[in-house]
Amino acid sequence: MDKLIKKYIPMTETAFYILFSLTVPRHGYGIIKEVAQLTNGRIKLGSGTIYGTLSKMQTDGMIEIFADEERKTIYERTEVGNQILVREMKRIEELYSNIARFKGREL
Amino acid sequence: MRKIRWMWSYKIGETEKWLDEQAKAGYRLQHVNTWTRAFTFEQTEPSDMQYHIDYKNPKQEIRLAEAGWETVQKKGKWTIRKMQQPKMYPSRQDLFKRLQRHTILLSTLLGLVFTYISIMTIFSMLLFSSPTESGISLATQVVMIALFIAPAFFSIYLMKYYKRQEMKLLNIEQHHQAPTFKKFRLGWSYDVFGTKKWLEKMADEGYEAVKVSIFSFHFKEKSTEHIDYEFLYMKKADAHYYQFNQEMGWQHLFSTNSARWNTSIWSKPRQEGEEKDELMDVHERKKMMKRQVGFMTVFPLMLVFMNGFVFLINYPIIFDEQAEFSLLSIILCLNLAVAIAMIFVVLKMWKNYWGAMKDLNAQMVY
């Protein structure tokens with residue numbers, strides 16, 4: 001686990017959103033749509049980026065790959081994945097609260 | 001009731017379907033002996049079960065039980081599960097890797113057998129044949145040729161069989177639209193970079209490739225504004241990657257019949273204004289192209305050296321005025337022609353490779 005924390009925290013923005021979007025199991029295409037929606041279209045993930053990130057996370061046991069009724073691939077976050085995500089969210093929360101404290105002040 | 005299915009593990013999809021049908025007919029699977037390949041059933045009420053045969057895949061066990069899969073048998077690396085109306089299935093990746101492994105092993109073995117027989121044939125020819133009389137009987141010759149050809153045919157059969165199973169396991173749909181015309185492009189796999197450019201030019205002219213074979217491309221009028229092509233080159237076909245690409249809207253046009261060094265062609269229609277979907281970033285693409293050009297140079301270069309060598313040590317024969325024009329001189333000319341042609345093949349491939357690299361570098365700078 002410590003190894004994974006070292007490897008994944010802090011996360012790249014795309015990696016974060018990919019992992020974050022898997023609150024429910026999704027297809028690859030579903031991940032693209034969800035991330036685009038979450039960021040108001042700012043992040044448009046290419047197939048290569050998603051695949052690279054997902055397969056790395058699969059090797060590390062953060063996500064699992066299944067197939068649905070139509071034998072299409074679904075990606076699901078595992079318990080390990082949840083833990084890493086929670087850690088990263090806490091880090092970002094801290095970041096955010098520090099920024100919020102400075103709001104209004106001049107730089 | 002007991003039934004034997006010899007090749008059950010190489011036809012997983014068929015075996016699963018067969019088990020479903022047995023259940024429907026009132027035969028419930030009790031156990032499978034993976035050594036004798038015997039499936040034992042007991043007669044019960046007909047049921048609408050779906051069976052699933054899983055290989056390895058240890059991480060998914062708990063999640064699959066949660067989803068409602070009931071384990072019928074777990075023995076060694078094989079797990080057989082059943083469920084009514086399943087909503088999710090285990091990943092086929094490990095099973096796919098097993099198929100690949102076995103194919104590679106078997107084809108290597110066949111290659112060794114083939115080499116062994118070739119060497120033996122040459123030796124026995126040298127030993128038995130004398131210039132005055134043919135020392136080998138016709139029957140022996142026939143047997144030798146058969147021994148020579150049999151492994152070759154078996155290899156071809158194996159490759160085809162592997163390809164079929166691979167496509168099934170990968171769930172690759174070959175939705176071939178009807179092509180309107182066909183263009184030959186011999187040896188395109190030795191010029192993938194030039195071929196990609198050529199396909200893009202064809203797309204600009206209004207034609208998209210819908211089917212590809214080792215020596216030809218089939219086209220039809222394009223249906224969208226743009227068509228993007230990808231030539232992927234991997235050490236091994238990866239089950240998830242193939243599936244992923246397909247689900248992202250990439251159409252599978254071609255892949256090589258081999259478990260190793262897999263080249264595949266994909267296309268994706270794109271509307272005006274839509275962003276191009278990149279299957280990899282520039283660095284990865286460069287690495288891939290480098291591997292590919294390196295690997296594809298080996299075989300033609302080998303031909304250059306072999307033919308060039310044979311020509312160089314024998315060419316005085318052609319210029320020997322006393323010698324008559326013989327089969328040997330024709331063969332020597334052919335040797336020279338092949339060597340020169342292969343030099344051109346390599347040069348063209350590298351020229352187009354550098355061209356493609358330059359384009360990529362230009363993209364990086366903006």
Side-chain angles (χ1 to χ4, degrees), chain A residues 1 4 12-15 18 21-37 39-84, chain B residues 12-13 16 50 52 54 57-64 66-67 69 83 85-96 168-173 228 230 232 234 238-250 266 268 270 274-285 287-288:
Chain A
M1 194 69 199
L4 285 185
T12 60
E13 196 186 19
T14 45
I18 288 169
S21 72
L22 292 175
T23 31
V24 288
R26 282 179 208 279
H27 294 126
Y29 195 70
I31 297 175
I32 297 187
K33 277 203 296 196
E34 175 70 10
V35 172
Q37 208 172 20
T39 60
N40 290 319
R42 183 172 60 84
I43 298 178
K44 282 194 193 98
L45 293 167
S47 301
T49 319
I50 304 186
Y51 188 77
T53 310
L54 286 175
S55 56
K56 221 190 300 165
M57 288 177 174
Q58 192 213 357
T59 328
D60 289 329
M62 284 157 64
I63 58 155
E64 266 303 329
I65 298 180
F66 295 95
D68 68 2
E69 300 104 302
E70 292 158 21
R71 300 281 165 142
K72 279 192 171 169
T73 322
I74 333 171
Y75 301 89
E76 217 176 279
R77 207 163 56 207
T78 61
E79 196 39 54
V80 178
N82 287 342
Q83 282 175 30
I84 296 283
Chain B
I12 290 294
E16 284 170 354
Q50 272 204 36
H52 193 280
D54 206 3
N57 210 5
K59 283 194 222 150
Q60 301 191 331
E61 196 123 349
I62 298 162
R63 186 67 189 82
L64 286 169
E66 264 174 30
W69 285 97
M83 186 180 175
Q85 293 168 333
K87 288 267 183 293
M88 66 180 266
Y89 298 83
S91 153
R92 289 276 203 212
Q93 201 176 30
D94 288 337
L95 191 69
F96 180 71
K168 252 186 218 162
L169 268 186
L170 291 177
N171 211 9
I172 291 285
E173 293 158 35
D228 294 326
E230 278 285 3
L232 294 184
M234 289 173 286
D238 180 296
H240 284 154
Y241 197 35
Y242 265 47
Q243 242 160 357
F244 183 84
N245 288 351
Q246 186 172 263
E247 284 160 21
M248 287 299 169
W250 288 89
W266 301 77
K268 189 177 186 178
R270 173 162 57 96
E274 219 178 312
E275 228 170 290
K276 195 175 167 184
D277 183 22
E278 295 289 353
L279 275 181
M280 62 195 84
D281 66 34
V282 183
H283 293 286
E284 273 175 84
R285 192 178 294 278
K287 258 196 271 174
M288 182 188 79

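Chain letters run A, B, ... following the sequence lines, proteins first and then strands; every chain starts at 1. Keep in mind that what you see is a predicted model, and the values were worked out from it rather than measured.
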Visitor: Given heavy-atom pairs under 4.5 angstrom as the criterion, report whether the side chain, backbone, both or neither of A:K44 touches chain B.
Guide: side chain
Visitor: In terms of heavy-atom pairs under 4.5 Å, which option from A:S47, A:G48, A:G46, A:P25 contacts chain B the most?
Guide: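 If we count pairs closer than 4.5 Å to chain B, A:S47 comes out on top.
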Visitor: Over 60° means perpendicular and under 30° means parallel, so tell me whether B:Y242 and B:W266 are parallel, tilted or perpendicular.
Guide: perpendicular
Visitor: Is there a donor-acceptor pair under 3.5 Å between the side chain of A:Y51 and the backbone N or O of B:Y241?
Guide: yes
Visitor: Inspect the contact between A:R26 and A:E34 and indicate whether a charged nitrogen and a carboxylate oxygen are less than 4.0 angstrom apart.
Guide: yes
Visitor: Looking at A:L45, A:I32, A:I65, which has the largest count of heavy-atom pairs under 4.5 Å with chain B?
Guide: A:I65
Visitor: Among B:Q243, B:Q60, B:M88, which residue has the highest count of heavy-atom pairs closer than 4.5 Å to chain A?
Guide: B:Q60
Visitor: Under a 4.5 Å heavy-atom cut-off, does chain B meet the side chain of A:Q58, its backbone, both or neither?
Guide: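 When you check distances to chain B, atoms from both the backbone and side chain of A:Q58 fall under 4.5 Å.
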Visitor: Any chance the side chains of B:E247 and A:T73 put a donor and an acceptor closer than 3.5 Å?
Guide: yes
Visitor: Indicate yes or no: does B:E66 engage B:R63 in a salt bridge with an N to O separation below 4.0 Å.
Guide: yes
Visitor: Okay, side chain of A:S21, backbone of A:I31: is any donor-acceptor separation there less than 3.5 Å?
Guide: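 No; zero donor-acceptor contacts below 3.5 Å.
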Visitor: Given heavy-atom pairs under 4.5 angstrom as the criterion, report whether the side chain, backbone, both or neither of B:D281 touches chain A.
Guide: neither
Visitor: With a 4.5 angstrom heavy-atom cut-off, could you sort out which part of B:M280 is near chain A: side chain, backbone, both or neither?
Guide: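 B:M280 touches chain A through backbone heavy atoms alone.
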Visitor: Ion pair present between B:K268 and B:E274, side-chain N to carboxylate O less than 4.0 angstrom?
Guide: no
Visitor: Side chain, backbone, both or neither: which part of B:Q85 has a non-hydrogen atom closer than 4.5 Å to chain A?
Guide: neither
Visitor: Under 4.5 Å from any heavy atom of chain A, what part of B:E275 do you find: side chain, backbone, both or neither?
Guide: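 Interface part for B:E275: side chain.
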